[in-house]
Amino acid sequence: MPMHMPQIPDTLPTDGKPFNLSRRRFVGASLSALVLGALLPGKVVRAAQSQAAEIKPGTRVPAFLEIRPDGTALLRSPFVEGGQGIYTAFAQIVGEKLDIAPDRFSVECAPPGADYLLVNGARFTGGSFSVRSSFEVMRRLGASTRHMLLQAAATRLKVPLASLTTQPGVVVHTASGRTLSYSELAALAAALQPPEQVPLRARKDFRWIGKSVPRLDAHDKSTGKVKYNIDAEVEGMLLAAVQHAPRMGGEPEAIANESEVRAMPGVHSIHRLPGAVAVVARRWWQARRAVESLKVDWKEAAPGTPHAMPANFSSAGMRATLAAAPGPGISAESIGDAAKALESASQVIEATYDAPYLVHGQLEPPSALARWNTDGTLELWLPNQAQEMFQQAAARAAGIAPDKVIVHSSPLGGFFGRHFLYGTANPFPQAIQLAKAVGRPVKLIWSREEEFLRDALRPMGLARLRAGIDENGLPQALYAEAVGESPTERWFGRQPDKANDSAVEGIAEKPYAIPDRRVAQVYLEHPPTIGFWRSVGHSMNDFLYESFFDEVADAGKQDPYELRLRLLADKPRHKALLQAVAELSGGWKRGPFSASDGSKRARGVAMASPFGSEVATIAEVSIENGSVVVHDVWVAFDPGSIVNPAIVEAQVRSAVALGLSSTLLEEAVYENGMPRVRNFGAYAILPPGRMPRVHVRIVESGTPMGGVGEPGLPGVPPAVINAVAALTGQRVRSLPLSKTHFAGA
Amino acid sequence: MELTINGTKRQVDAAADTPLLWVIREELGLTGTKYGCGAAQCGACTVLADGHPIRSCVMPVSAVANQAITTIESIEEDPVGKRVVEAWIEHQVPQCGYCQSGQVLTATALLKQNAKPSEAEIAAAMINLCRCGTYNAIADAMQQLAKG
Ligand code: FES
Ligand code: FES
């Protein structure tokens, strides 16, 4: 559900025109709090929350902004930073309107509250929604605040407002040369009524939006100063480690050596939790060592336990089950008559493609710090992408009202979808229970091994694809069945009569002019816990589709790039992007060809339409020692319009790296209901030595702002697979590539 | 047990086989050194021991009791470390930032021992994992630093 909110409407208002500030009451209420905010940081947000019933998200300045006595600004971001660079982007957007330079901002993640429900009445950091869903709100907040400050200055200087202007951080009366700093004016602004309308700076006058403003956090992150959740500390806290049941659904029974372990250094206590045992100790290392020493008898899940992991489950078996699941499934896209067109086609090709389960592998292992306060509140420090949802869930876990739960959201040490609510994949219920049991704050950290055991996996994906090709070698019909279950269905409910968008995204609604199409979902539940993983369904589905597309081109004796161009004749945005990536790579050439170092290479191309953005990708590969080397990846990326080109490019590179990691190396293998490996190394992720040079061209087509964090990923696996096929003649239909040995090329 | 951390001698109360990482984080309260895998696979926990990068998650504290340990907290006190940090900022390397303490320390160790490393030497030294894929930016920063 939340990853597939309807498209956000065009967020850029008409430049230069005034816009309506009709919410006088809210803006007015915010003025006193703006001042209060300057004087009493911290109190404001709670005051703001008490009026939740009336709050229209994104309208009340003090919930978002404080101007401090030193003239710097504190911005409470509705979305959490985890590497995407959104804190910097928000400082640019608000600063542009408010007239405070971005580097004068500090930004933190806002607590739960009605003010921040900016994604269609909810809030989550995901779906590449952060900037596109709040661009307009941030602009308006900045503009409103600036206007209040101007009004205050007009009163103070006894001059007409129109005679005033601002420079970063100060109001200037040009005629007299007098200036007043924003911090001096904040108090006075409280007594004034804001006007109905505020003029907005025209886009051509932007100083910071659209520029590669340096990231606010680069220095702190280069010197170890950022506090992640795993670093959180409160007075008197104890540390905890857990050992989970090897198979989901198992429960701890007898512990053979409990008294010995209790005597181990630093151990405070041993606990039985649902599906796990825990040790609380003075130090985490002591807790971990102790908990791993526990000899636990795990009772298998009682029959009928929901989502219990079958003892005979294996990922290889699951692949076979998916492949055998009967169609025709529930239609997600139906144009023309694909079945009939297949019958009359002069050539029909078919293939089954699959992509494996994956872990998130964010570098910061999950943790949760819980403290029960004497006033009956529960304070939680926990990594999360959805503050209100976690607050609600924590309240349920704790048996208290949601407004008694205080949530702190630190910057995330990577996430890629890891920190949504995933039941047993979140450590916070354990931390809450442990803190209650020991009567002290407890910080629980999952070891990397426990994280591998309980992460919510990117689901395995499989598609059966069939294409009918006409006598001219052009695809006439496409028939696709995507088999499986999407995380959206798992966590937000399934509509049994409807194909799920994220199960078929990347296969359905592709832009190519193929006259007869049927794309369907064959629903089949995954035994493991599944979750959102960077670019969700696109992370595998574009691989399934775009690789098969090249097979179709080959069967029809068409060049895959030319065929795409041809089938995009009526799609100017896509066509331009495809041409842009070809040009960026020095002109399309498939190869094989000889590179200057003597290696034989080839290129592959792919397109994807993820999260309101468009992307075209070309990859160049060779084979070394039987495995694939990716030398260069070119990406033309059209997110409509952007805030910070350097950050967008960095996000594309990052997405390419993760996409390539999944193409070359990653698979979470299950045997006997358990993951075969439980740490990096054995589960390989992309090392620096296998990173290609990534070349990015940003195209701003001016369409509504699309996502940035995820869209760079989906084109990578098919571009690489298509390049490998061009080079070796070998068509790999199952990821990752490390399963296939290639003869030297 | 006595440890020399960032030029200061500190008394620590920890079992001899406790990994240095946890002594640094929990006994000394220096949280810039990160736990990623605990198995010498990722490099997030990298610190310098007598100038050499080590993976502190698998290093018993007793094994480095006689060595000078440098963590990210003192990186800017070192002229080379300061240059590395500057290059990291110039090239806007960090994304989530979680791996970057280890990256910066590894880079510093290399450049202190070899002021102008070749591309191959850089590749051989800079082997820490980054799940955010900042590898291109790291390579660019290193190339600039290697010019001296
Ligand atoms: S935490 Fe030490 S190498 Fe990963
Ligand atoms: S910057 Fe996130 S892991 Fe490297």
Side-chain angles (χ1 to χ4, degrees), chain A residues 81-85 212 214-215 217-228 230-231 233 239 265 283-286 288 360-365 411-416 445 447-449 646-647 650-651 653-658 660-661 679-681 685-689 691-694, chain B residues 14-15 17-19 21-23 25-27 29-42 44 71-73 75-76 81 84-105 123-124 126-139:
Chain A
E81 176 67 61
Q84 329 88 301
S212 290
R215 294 172 76 120
D217 52 10
H219 182 263
D220 283 355
K221 284 182 172 174
S222 303
T223 52
K225 290 195 183 72
V226 171
K227 296 279 182 228
Y228 301 89
I230 202 170
D231 306 321
E233 192 182 350
L239 278 297
R283 297 288 185 241
W284 188 73
W285 180 252
Q286 297 167 329
R288 178 187 182 174
H360 288 90
Q362 80 294 342
L363 211 49
E364 178 192 8
L412 304 169
F415 58 115
F416 322 116
I445 302 172
S447 68
R448 178 59 65 185
E449 288 78 4
I647 286 177
Q651 279 302 290
R653 292 207 170 84
S654 171
V656 167
L658 196 58
L660 190 58
S661 192
N679 209 323
F680 298 129
I685 66 172
L686 192 77
M691 181 73 183
R693 245 4 259 194
V694 183
Chain B
D17 60 352
T18 307
L21 169 65
W22 295 103
V23 174
R25 285 183 57 86
E26 299 202 294
E27 302 298 330
L30 299 174
T31 55
T33 307
K34 297 304 186 207
Y35 167 57
C37 67
Q41 296 299 324
C42 71
T71 71
I72 193 70
E73 281 81 3
I75 194 70
E76 288 179 295
V84 171
V85 169
E86 281 162 11
W88 248 238
I89 294 167
E90 187 182 334
H91 290 274
Q92 296 280 295
V93 172
Q95 292 198 9
C96 85
Y98 199 77
C99 72
Q100 298 297 342
S101 297
Q103 306 281 8
V104 166
L105 281 162
M126 300 299 293
I127 53 169
N128 289 359
L129 299 177
C130 172
R131 188 58 160 168
C132 300
T134 62
Y135 300 135
N136 279 182
I138 289 175

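Here is the naming used below: chain letters follow the sequence lines, and residue numbers restart at 1 for every chain.
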> Does any heavy atom of chain B fall under 4.5 Å from the side chain of A:P214, the backbone, both, or neither of them?
Replying inline: both
>> Distance check, rounded to the nearest 0.5 Å: B:C96 atom SG versus A:Y228 atom OH?
In response: 5.5 Å
> Is it the side chain or the backbone of B:E26 that comes within 4.5 Å of chain A heavy atoms, both, or neither?
Replying inline: both
>> Donor-acceptor pair, distance only, cut-off 3.5 Å: does the side chain of B:N136 make one with the backbone of A:P692?
In response: yes
> Can you say whether B:L129 sits under 4.5 Å from chain A via the side chain, the backbone, both, or neither, judging by heavy atoms?
Replying inline: both
>> I'd like to know which of A:M691, A:E449, A:R288 tops the heavy-atom pair count under 4.5 Å against chain B.
In response: A:M691
>> With a 4.5 angstrom heavy-atom cut-off, is it the side chain or the backbone of B:V93 that approaches chain A, or both, or neither?
In response: neither
>> Looking at chain B, which one of A:G361, A:G414, A:G82 has the largest number of heavy-atom pairs inside 4.5 Å, strictly under?
In response: A:G361
>> When you compare the side chain of B:Q95 with that of A:K221, does any pair of heavy atoms fall below 4.5 Å?
In response: no
> Counting distance only, does the side-chain N/O of A:S654 pair as donor-acceptor with the main-chain N or O of B:C132 below 3.5 Å?
Replying inline: yes
> Relative to chain A, which of B:G97, B:A40, B:C42, B:G81 shows the most heavy atom pairs under 4.5 Å?
Replying inline: B:G97
>> Less than 4.5 Å apart, side chain to side chain, heavy atoms only: is that true for B:K34 and A:L363?
In response: no
>> Counting heavy-atom pairs under 4.5 Å with chain B, which one of A:K225, A:H360, A:E364 comes out on top?
In response: A:E364
> What distance separates A:I445 CD1 from B:R25 CZ, expressed to the nearest 0.5 Å?
Replying inline: 6.0 Å
> B:Y35 versus A:R448: any side-chain heavy-atom pair under 4.5 Å?
Replying inline: yes
> Considering only heavy atoms, which portion of A:Q362 lies under 4.5 Å from any heavy atom of chain B: side chain, backbone, both, or neither?
Replying inline: backbone
> Which one, B:M126, B:Q92, B:E73, leads in non-hydrogen pairs under 4.5 Å with chain A?
Replying inline: B:Q92
> Which atoms of A:S212 come close to chain B, meaning under 4.5 Å heavy atom to heavy atom: side chain ones, backbone ones, both, or neither?
Replying inline: neither
> Hey, what's the ring geometry for A:W285 with B:W22, parallel, tilted or perpendicular (30° and 60° as the breaks)?
Replying inline: parallel
> Quick one: what part of A:P411 sits under 4.5 Å from any heavy atom of chain B, side chain, backbone, both or neither?
Replying inline: neither
> Can you tell which of B:A14, B:G133, B:P94, B:A44 has the highest number of heavy-atom pairs within less than 4.5 Å of chain A?
Replying inline: B:P94
> Is chain A contacted by the side chain of B:T134, its backbone, both, or neither, given a heavy-atom distance below 4.5 Å?
Replying inline: neither
> When only pairs under 4.5 Å are counted, which of A:G689, A:A657, A:P265, A:G681 shares the most heavy-atom pairs with chain B?
Replying inline: A:G681
> So what's closer than 4.5 Å to chain A heavy atoms on B:A139: side chain, backbone, both or neither?
Replying inline: side chain
> Which of these passes side chain to side chain contact (heavy atoms under 4.5 Å, CB included) with B:Y98: A:L412, A:I230, A:V226?
Replying inline: A:I230
> Does any heavy atom of chain A fall under 4.5 Å from the side chain of B:Q41, the backbone, both, or neither of them?
Replying inline: side chain
>> Less than 4.5 Å to any heavy atom of chain B: does that hold for the side chain of A:F416, its backbone, both, or neither?
In response: side chain
>> Nearest 0.5 Å, please: how far is CG in A:D231 from OG1 in B:T33?
In response: 10.0 Å
> Of the non-hydrogen atoms in B:I89 and A:S222, which two are nearest, and what is the gap between them?
Replying inline: CG1-OG, 4.3 Å
>> Out of B:A39, B:G32, B:G36, B:G29, return the one with the most heavy atom pairs under 4.5 angstrom to chain A.
In response: B:G36
> Who wins among A:H219, A:R653, A:R693 for the most heavy-atom pairs under 4.5 Å with chain B?
Replying inline: A:R693
> Does any heavy atom of chain B fall under 4.5 Å from the side chain of A:I647, the backbone, both, or neither of them?
Replying inline: neither
> Atom CD of A:Q286 and atom OG1 of B:T18: how far apart are they, to the nearest 0.5 Å?
Replying inline: 7.0 Å
> Can you name the salt bridge (charged side-chain N to carboxylate O under 4.0 Å, His left out) partners of B:E27, sequence neighbours left out?
Replying inline: A:R282, A:R283
>> Please check this pair: side chain of B:R131 against backbone of A:I685, looking for a donor-acceptor N/O pair closer than 3.5 Å.
In response: no
> Hey, which of A:T223, A:L239, A:L658 has the most heavy atom pairs under 4.5 Å with chain B?
Replying inline: A:T223
>> Holding to side chain to side chain donor-acceptor pair (under 3.5 Å), I want the full list of residues that pass it with A:E81, two or more places apart in sequence or in another chain.
In response: none
> Looking at B:C99, B:G38, B:C37, B:C130, which one has more heavy-atom pairs under 4.5 Å with chain A than the rest?
Replying inline: B:C37
> By a 4.5 Å heavy-atom criterion (distance strictly below it), what part of A:A646 contacts chain B: side chain, backbone, both, or neither?
Replying inline: neither
